[in-house]
Structure formats: C-alpha cells, structure tokens
Student: 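The structure follows.
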Amino acid sequence: MPELPEVETVVRGLAPVLDGAAVRRVRVRRRDLRWPVPSGLERHLSGARITGVRRRAKFGLIDTDRGHTLIFHLGMSGRLRLDPSERLPHDHVELETDGHRIVFHDPRRFGSLHLVPTAEAARHPLLAGLGPEPLDPDFDGEALAQAARGRRVAIRALLLDQRAVAGIGNIYACEALFRAGIHPARAAGRIARPRFERLAHGLRAVLEAAIEAGGTSLRDHAAVDGALGWFQRALAVYGREGEACPACGHAIRRQRLHGRSAFFCPRCQR
DNA sequence: ATGCACTCCTGAACGC
DNA sequence: TGCGTTCAGGAGTGCA
C-alpha cells in the first residue's frame with residue numbers, strides 16, 4: 001500500500017535510471033485503470049527525453065523535454081518494475097528507454113497514469129487541492145492545527161484527508177498518532193495546540209525512518225528493483241492487534257473507524 | 001461546508 | 001479440495 005515513503009522509494013529508484021534517458025517506445029496493454037490511460041500517451045512520450053523524476057504526495061511525476069509530465073499513482077497494489085525478466089499478468093504499461101524497460105504493474109488497477117503539460121501539473125485536479133508536504137521544512141503543528149480547526153472528524157480521518165496533509169495513508173497515520181500519544185478517534189478540532197506540534201513531529205519522524213528503510217512492504221510495495229522495504233519491522237501499532245505496546249506493554253487494540261482499521265495503544269493514546 | 005457510506009478491483013486469508 | 005466470505009484501502013462520488 002504505497003504511501004508517501006513507498007512512492008519516495010520508487011521515485012528515488014527511478015530517478016538515476018530515467019533522468020536524461022530517451023523514451024524509445026511506449027506500449028499500453030490495458031487502458032482501463034482507475035482512470036483511462038490517456039490516449040495520447042504513446043504519441044507524446046515516444047521520442048521524448050526525460051528531464052526529471054519527482055514526487056508530490058503519493059504521486060510520482062516524470063517530466064519530459066516535450067513539455068509533458070507523466071503522473072503516476074500506484075493506488076493500492078501498483079508497482080513499477082525495472083527491467084523485469086518476465087512478463088506477468090497485470091503488467092499494463094511498458095516504457096522502453098535507451099537502455100531500460102519500466103513496467104507499470106497493478107493487479108487491482110486502483111492506480112492511474114496521467115499526462116499533463118508540465119507547466120500545469122500543479123493545477124491538475126488530482127494535485128490542485130493537496131495539502132502541505134509533511135517533509136517540507138516549513139511543515140509544523142500550525143498547519144495541522146489550522147486544518148483541524150472546527151472539525152469534528154476523527155483525527156485519523158483528517159490525517160487521511162489529502163487536503164489537510166499530503167501523502168499519508170492508514171499505516172503512517174496510525175504510527176504518527178501513536179508517536180504523538182493521540183487517540184485515533186479523537187475529534188480533530190478538540191486537540192490542544194501543543195499536541196499538534198508533537199503530531200507534526202511524529203509524522204515527520206516516522207516518514208523519514210520509513211524512507212530510510214525503503215518503505216513498508218506489507219503485501220504489494222517494492223522498490224523498482226524488486227527490493228522489499230523493511231519498515232514493517234519498525235511499526236509500533238499497525239497490524240499488531242493483541243501484541244504488546246512497545247512503550248507500556250498494554251495490548252494493542254484494533255478499532256473499526258469509518259470502515260477502516262485503526263490500530264492504537266489504549267493506554268498511551270488519549 | 002461537513003461528514004460519511006459507497007464504489008472500483010484482485011488476491012490472500014479464513015471458515016465451513 | 002473447494003467454495004464462499006471477508007478484508008485490505010486511495011480517493012472520487014453522491015447523498016444527507
């Protein structure tokens with residue numbers, strides 16, 4: 001389940017391979033992803049040179065010298081495979097450069113590909129409303145406090161809202177809340193100001209540690225070279241229902257919240 | 001504006 | 001063994 005650290009891992013793996021490379025051929029085997037693969041993808045990318053690979057929230061952006069940017073989202077089960085030795089089911093799109101092949105593989109097809117003029121990438125509907133990057137140097141508790149003002153939703157739901165803060169999914173929302181000692185069901189607007197500072201710090205710390213470890217590979221994530229991320233070993237609460245809280249030893253609890261599991265320590269998180 | 005259920009999809013895990 | 005059910009969840013949609 002690619003969240004910010006997993007996408008960052010993919011982008012970092014992709015950049016040295018794609019930066020400066022020329023796209024030789026694009027092959028689309030399946031167009032019906034989360035949204036249809038743009039019909040002009042092959043035409044606009046073939047022959048273009050890649051000028052950069054970057055990330056915004058959970059999106060990867062590949063810029064070309066033709067003024068187009070390819071945006072990818074990995075959804076739930078998406079992977080980018082670099083120079084795969086065999087073709088697999090669900091290999092939907094293939095990008096051949098002068099030297100490598102990048103394959104977009106996505107069994108559940110919650111992922112998507114988009115092509116936009118580079119100058120308008122930030123205004124694309126999927127990117128336009130995104131909140132601040134939690135790893136941006138300017139990101140702090142104030143940004144979270146502002147997004148939470150007057151809101152009655154559970155803080156976990158607010159963290160998952162990409163307009164409030166970008167790139168967070170269920171795993172890192174749960175982990176950051178544990179680090180900040182905040183109960184996932186607590187109403188966002190009823191959290192005292194200093195606690196947002198702890199939450200912002202918890203988010204940053206857990207995301208940086210996860211990137212360092214190459215992300216969390218629960219089921220679907222892997223770096224472009226197929227390497228698994230090792231951060232699941234460092235998860236304190238996510239997926240650990242019944243296990244001992246690493247801080248106090250109390251059993252980790254799982255609670256259904258808005259249709260999704262929230263994992264937390266009922267003693268440490270209030 | 002806000003909150004929330006529903007929807008898409010497939011594979012893994014589970015129960016009988 | 002084999003079938004059915006449940007779950008995972010990012011993010012748009014549509015409703016109250």
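All values below come from the heavy atoms of this structure, side chains included, with hydrogens, waters and symmetry mates left out. Owing to the predicted nature of the structure, the values given are computational and were not obtained by experimental measurement. Every chain is numbered from 1 and lettered A, B, ... according to where its sequence line falls, protein lines coming before strand lines.
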Student: Distance check: side-chain N/O of A/His73 vs OP1/OP2 of C/dA11, anything under 4.0 Å?
Tutor: yes
Student: Which of parallel (below 30°), tilted (30 to 60°) and perpendicular (above 60°) describes A/His90 and A/His105?
Tutor: perpendicular
Student: Indicate whether OP1 or OP2 belonging to C/dG10 is found under 4.0 Å from a side-chain N or O atom of A/Gln162.
Tutor: no
Student: Please give, in whole Å, the distance from B/dC9 P to A/Asp32 CG?
Tutor: 8 Å
Student: Check the angle between the aromatic planes of A/His124 and A/His114 and answer parallel, tilted or perpendicular using the 30° and 60° thresholds.
Tutor: perpendicular
Student: In whole angstrom, what separates A/Phe72's CZ from C/dG10's C1'?
Tutor: 15 Å
Student: Touch check for A/Arg163, heavy atoms < 4.0 angstrom, all strands: base, sugar-phosphate only, or nothing?
Tutor: nothing
Student: Base, sugar-phosphate alone, or nothing: which one does A/Arg254 contact when heavy atoms must sit under 4.0 Å apart?
Tutor: sugar-phosphate
Student: A/Val153 has a side chain; which of B/dG11, B/dG3, C/dA11 sits nearest to it?
Tutor: B/dG3
Student: Answer yes or no for this row: A/Phe110 ring on C/dG10 base, centroids under 5.5 Å, planes under 30°.
Tutor: yes
Student: Take atom CD1 of A/Ile171 and atom C1' of C/dA8, then tell me their distance rounded to the nearest Å.
Tutor: 10 Å
Student: Can you tell which of C/dC7, B/dC9, C/dG10 lies closest to the side chain of A/Arg108?
Tutor: B/dC9
Student: What are the two closest heavy atoms between A/His73 and A/Phe59, and how far apart are they?
Tutor: CD2-CE2, 3.4 Å
Student: In terms of side-chain heavy atoms of A/Arg34, which of B/dG11, B/dT2, C/dG12 is nearest?
Tutor: C/dG12
Student: Can you give me the closest heavy-atom contact between A/Glu96 and A/Arg101, atom names plus distance?
Tutor: CG-CG, 3.8 Å
Student: With the threshold set at 4.0 Å, does a side-chain nitrogen-carboxylate oxygen contact exist between A/Glu175 and A/Arg179?
Tutor: no
Student: Roughly how many Å is it from CG in A/Leu126 to C1' in C/dA11, rounded to a whole number?
Tutor: 9 Å
Student: In this structure, how many angstroms lie between the C1' atom of B/dC9 and the CZ atom of A/Arg31, rounded?
Tutor: 20 Å
Student: The side chain of A/Glu3 lies closest to which of these nucleotides: C/dC7, C/dG10, B/dG11?
Tutor: C/dG10
Student: For A/Arg260, answer base if it contacts any base atom (sugar-phosphate contacts may also be present), sugar-phosphate if it contacts only those atoms, and nothing otherwise; contact means non-hydrogen atoms under 4.0 Å.
Tutor: base
Student: Write down the distance between CZ (A/Arg256) and P (B/dC4), rounded to a whole number of angstrom.
Tutor: 15 Å
Student: Pick base, sugar-phosphate or nothing for A/Arg152, based on heavy-atom distances below 4.0 Å to the nucleic acid.
Tutor: sugar-phosphate
Student: Please round to the nearest 0.5 Å and tell me the distance separating atom SG of A/Cys265 and atom CG of A/Leu177.
Tutor: 13.0 Å
Student: Return the value, rounded to whole Å, for the distance between atom CG of A/Asp161 and atom C1' of C/dA11.
Tutor: 10 Å
Student: Taking only the side-chain nitrogens and oxygens of A/Ser77, find out if one of them lies under 4.0 Å from OP1 or OP2 of B/dG11.
Tutor: no
Student: For A/Gly259 and A/Arg149, find the nucleotide of DNA chain B closest to each by heavy atoms; which residue's nucleotide sits nearer the 5' end?
Tutor: A/Arg149
Student: For A/Arg109 and B/dC8, is the shortest distance between a side-chain N/O and OP1 or OP2 below 4.0 Å?
Tutor: no
Student: Closer than 4.0 Å, any side-chain N/O of A/His90 to the OP1 or OP2 of B/dG11?
Tutor: yes
Student: Nearest whole angstrom, please: distance from the P of B/dA5 to the CG of A/Leu257.
Tutor: 10 Å
